[in-house]
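Structure record follows, encoded as structure tokens.
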Amino acid sequence: MPNSFASIENSLSNRSSVSLARASLFKFLGLLAGVFVLASGSLVYLANDLDHTEQVESAFYTKKAVQSLEKSVRATVKDYAFWGETYKYLHVQVDPDWAYVRQNLGPSLYPDFGFRGVFVVSDDNRTVYSVVEGKLSSVAAADWLKQSIAPILEKAREGEQAETPITAFIDIAGVPALVAAAAITPGTDPTVEADARPASVLIFVDFLDSAKLQVMGQDFGVDGLHVGTPEERDATYFLPLGENGAAGSLRWSPSRPGLRLLGVGLPLIGIAALLVCLMTWAILRRTTASALALDASYTSLHRSQDALAISEARFRDVVEAISDWVWEIDAQGRFTYLSDRFDDVTGLSRIAWIGAPIDDLLGTEPGSLTQWLSIPNRRQDISLQCRYIDSAGRERITRISARNMSDTGFRGTATDVTEEVEARRRIEFLSQHDALTGLPNRTRLQEFLDGKLKALPTPEQPLVMLCLDLDRFKPVNDLLGHAAGDLVLNEVSSCLAECVRHGDLVARVGGDEFVLILTDVSSQDEVEALCRRLIESVERPIEIDQQQVFVSASIGIAMAPNDACEAAELLRYADIALYEAKSAGRNTWRFYAGDMNTRIIERRRLENDLRFAIKDGQLRLHFQPRYRIADGRMVGAEALVRWQHPERGLIPPDTFIPIAEESGLILSLSNWVINTACDCASRWPQNLFVSVNLSPTEFKRGDLVERIQKALVDSAIDPARVELEVTESVMLEDATGALELMRTLKRLGVRIAMDDFGTGYSSLSYLRAFPFDGLKIDRSFLSRLDQSEDDRAIIQAIVGLGRALALTVTAEGIETAEQLSLLKTVSCDEGQGYFLSRPLDSDAFDALAGVGEIQKA
Ligand code: C2E
Ligand code: CA
Ligand code: CA
């Protein structure tokens, strides 16, 4: 089995998808919460860090501010202490006037530097000069500072040599103060000489009160610099003043950027979290719903997985059981799969064909199979008929149906339809062809004709239609049987087919009727030449059971566009022309002419009338006497039929006998003639015979003997007084049958005469072979008798022949005395003609017959 039929993945969880969906959602939610916590944590951390940095920075700047203060106070105390004037006026002697009044070291120090206390402590540690808050005072430094100043003094004096002032922070009633002290020295003043006493010490005291701290804070960018209260003792960020913070500590309120960040960030995170919660809730609701649906589909998927397994098995069974073979090709059109049946059906090797292009195996009429497969939006329910050569080298036909396999190729089945197609082809052929001759039939003719007429033939390039009908075919069938008839038709068919060109059509449209369609004949001469060829070809004797059969053909011709442009009309006109050809004596052709139609209509009308005439007693029988030439005695009479038409009057037999023959009315007509003739003759004198004309068509009908017999019996006439006149065409068509029939007729006792001798191809051998009692020389010989010596010789020869064969020779159409006397000289037996007597009606003949003799001229 190919991979593509493999079962679907088994990775589907057994859990319900609702819980699955929920679980994954909660996981996701947990993850989100984690993200939020992390974000918040980071924010807090960042805020703390920011705050911490700010604090550290503030601490740094606070320290800087304090150091800066110390430095400036130290510089100030240094300027005043290491100066000769100060040494002179506040150490050597204490001159408040110089110091305070003249403001060298007096009230201005408070407003200018903020020194709230200015003290000079003498070598014996007494406070000798005090200025408090800019005012001269008498308070002792230690008292004002509320603590011992001995360490300050000691350190200040230690810096005497190096002229280094000292600073220290002390706590004065809860307020930190910066104390700067320096030993008073003459400085660089060379006029003042240092004495040996311990140095006096100048002390400046600067209170770090809130006003001072605020100014310091502002200078260094530290907000809210202040002295820390006892409550703030645990604070992390502070600057201790003095040793271990003995003088208190400085605190500040730095801006808290972290806090601000938290103030903005946390609510944002909170809102985001809230939104996520809301969304999650919504998603959860949806997910639950779709998961429920999914659950349902999972369930059905499980079911369909089972079904898939079953259907796979079913597919496998079917693929191997059906007569079709299954194929798959890749995108390049190469076989990737062929079912086992391939080998059985095609006889080819499946293994050998895998990997080979499908186009190499299967061919189609329009383009290649792969082209067909890749037609965009190709309807997948339509199959394509393809051909291939099987292992035995035979062409097979298979119907391919195919489905697209999403871009990877195609898959489909191949159904062998060779037999079906052949059967259909055979049926199609049979439906369009004549089973006997294999020629196209009327259906095919119609199709062909429609097609050719659609191409609009022109007078220069006309479409020629020939309607060909076999003459003398029916007797072949009647006398020799259908097998012989079939043989003749087959022979004639191949003759006709040989005469036309490729692209023309020969169709058999009836028993012995054929239609030929010619498109490559342009002139009338050409058509006539073809007709001649056709007739000659058909006339060639056909050998059946060692005897020769002769048929001939009559042809009617109609042409498009001259005669008609419609198939039906063309056929009708060709048929009319055929009728004309037959009327013109058969074995010939006629082109359709406009007046033929009216003639045909006329004929049809006559045919209808004739049908009625026979029953209605409109037929009359005239009798033309026949005389013995030697003595002029009447020997008998020829019965000649007439039609007393109520409107047209008396119609001669030449007009309606052919119609009767064509329409089959000849039998009933002839019956009437035979019966009437026998009936009339039976009342004649016994020495007179009656002669009756037989149509060639009825001569060959099976029941002629019975009909004659019946007439003889009914009229009770002596058969020897009845003569039957037949033409030689009877023998031409079917000599054997004619001979047999004539022998049978002879057994009835009737005489048989050959009528119209000399008009056809009559062979004298017939006369010898057939049991004739007499022959009638055609009147055409008589009419030429006067002018031609040859004809006289011929008549003499015929009379001689007749005598030799013991036949009664009768001359017809004697119109003159000369003719009669000539016949007399050649010893012709009997004669008939207007000169002797015109045909007479029954009454007239009876009157004549009563006389029995006529006077010779
Ligand atoms: P047919 O058998 O040769 O008959 C003789 C025809 O010659 C008759 O014409 C007759 O009137 C005509 N005829 C006789 N003497 C002369 C003459 O001196 N000069 C000329 N020009 N004609 C003469 P009809 O009666 O018109 O018959 C014509 C043909 O019709 C007959 O030719 C015959 O073949 C056929 N026919 C007549 N009656 C019957 C019939 O009852 N049955 C059949 N099957 N055919 C008949
Ligand atoms: Ca006759
Ligand atoms: Ca005749």
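Along the sequence shown, residues are numbered consecutively beginning with 1. In each ligand, atom 1 is the first atom listed, and ligand 1 is the first ligand listed.
Within the listing of ligand 1, atoms 15 (N), 18 (O) sit less than 4.0 angstrom from a heavy atom of Gly833. Atoms of ligand 1 lying under 4.0 Å from at least one heavy atom of Pro839, given by number and element, are 11 (O). Contact atoms of ligand 1 toward Glu815: 17 (C), 18 (O), 19 (N), 20 (C), 21 (N) (distance under 4.0 Å to a heavy atom of the residue). The atoms of ligand 1 that sit less than 4.0 Å from any heavy atom of Asp756 are 3 (O). Within ligand 1, counting atoms from 1 as listed, the ones closer than 4.0 Å to a heavy atom of Gly813 are 16 (C), 17 (C), 18 (O). Contact atoms of ligand 1 toward Asp755: 2 (O) (distance under 4.0 Å to a heavy atom of the residue). Atoms of ligand 1 found under 4.0 Å from any heavy atom of Val673, numbered from 1 in the order shown, are 41 (O). With ligand atoms numbered from 1 in the order given, ligand 1 contributes 44 (N) to contacts under 4.0 Å with heavy atoms of Ser695.
Residues Ile659 and Leu665 fail the side-chain proximity criterion, which asks for heavy atoms closer than 4.5 Å. At least one side-chain heavy atom of Gln819 sits under 4.5 Å from a side-chain heavy atom of Thr816. Between Val641 and Phe656 the shortest side-chain heavy-atom distance falls below 4.5 Å.
Atom CZ of Arg442 has 12 or fewer heavy atoms from other residues, nucleotides or ligands within 6.0 Å. Within 6.0 Å of the NZ atom in Lys710, the count of heavy atoms belonging to other residues, nucleotides or ligands does not exceed 12.
Closest N/O/S atom of Glu638 to the Ca ion (ligand 2): OE2. Closest approach between the Ca ion (ligand 2) and any N/O/S atom of Glu725 involves OE1. Shortest distance from the Ca ion (ligand 2) to Asp755 is reached at OD2 (N/O/S atoms only).
One N or O on the side chain of Arg508 and one on the backbone of Gly511 form a donor-acceptor pair closer than 3.5 Å. Not a single donor-acceptor pair under 3.5 Å links the side chain of Glu661 to the backbone N or O of Ile666. With hydrogens and angles disregarded, a donor-acceptor distance shorter than 3.5 Å links the side chain of Asp434 to the backbone of Thr437.
Among the atoms of Glu698, none of the N or O lies under 3.5 angstrom from an N or O of ligand 1. Between Pro652 and ligand 1, not a single N/O pair is under 3.5 Å apart.
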Which side-chain N or O atoms in residues 715-724 pair as donor and acceptor under 3.5 Å with protein atoms at least two apart or in another chain?
| residue | atom | partner | partner atom | Å |
| --- | --- | --- | --- | --- |
| Ser715 | OG | Ala711 | O | 2.8 |
| Ser715 | OG | Leu712 | O | 3.4 |
| Ser715 | OG | Ile717 | N | 3.4 |
| Asp718 | OD1 | Ala720 | N | 3.1 |
| Arg721 | NE | Gln686 | O | 3.3 |
| Arg721 | NE | Leu688 | O | 2.8 |
| Arg721 | NH2 | Ala681 | O | 2.6 |
| Arg721 | NH2 | Trp684 | O | 3.4 |
| Arg721 | NH2 | Pro685 | O | 3.1 |
| Arg721 | NH2 | Leu688 | O | 3.1 |
| Glu723 | OE1 | Arg626 | NH1 | 2.7 |
| Glu723 | OE1 | Ser691 | OG | 3.0 |
| Glu723 | OE2 | Arg626 | NH2 | 3.3 |
| Glu723 | OE2 | Arg751 | NH2 | 3.3 |

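Salt bridge present: Arg803 and Asp829 bring a charged side-chain N and a carboxylate O closer than 4.0 Å.
Not a single heavy atom of Gln832 sits under 4.0 Å from any atom of ligand 1. Using a 4.0 Å heavy-atom cutoff, Arg642 is listed among the residues neighbouring ligand 1. Using a 4.0 Å cutoff on heavy atoms, Ser670 does not count as a contact of ligand 1. Heavy atoms of Lys776 come nearer than 4.0 angstrom to ligand 1 in no pair at all.
Of all the heavy atoms of Glu638, the ones lying under 4.0 Å from any atom of ligand 1 belong exclusively to the side chain. Heavy atoms of Arg838 found under 4.0 angstrom from ligand 1: none, in either backbone or side chain.
Atom CG of Asp755 sits about 10.0 Å away from atom CG of Leu694, to the nearest 0.5 Å.
The nearest non-hydrogen atom to atom 43 (C) of ligand 1, considering only Asn693, Thr676, Thr697, comes from Asn693. Heavy-atom proximity to atom 40 (C) of ligand 1, evaluated over Val641, Val726, Leu669, Val692, is greatest for Val641.
Tested against Gln832, the residues Glu638, Arg779, Glu812 include a single side-chain hydrogen bond (donor to acceptor under 3.5 Å, both in side chains) partner, Glu638.
Scanning for side chain to side chain contact (heavy atoms under 4.5 Å, CB included) contacts around Pro646 gives Gln618, with sequence neighbours left out.
Taking 3.0 Å as the threshold, Asn693 counts as a candidate ligand of the Ca ion (ligand 2), since one of its N, O or S atoms lies below it.
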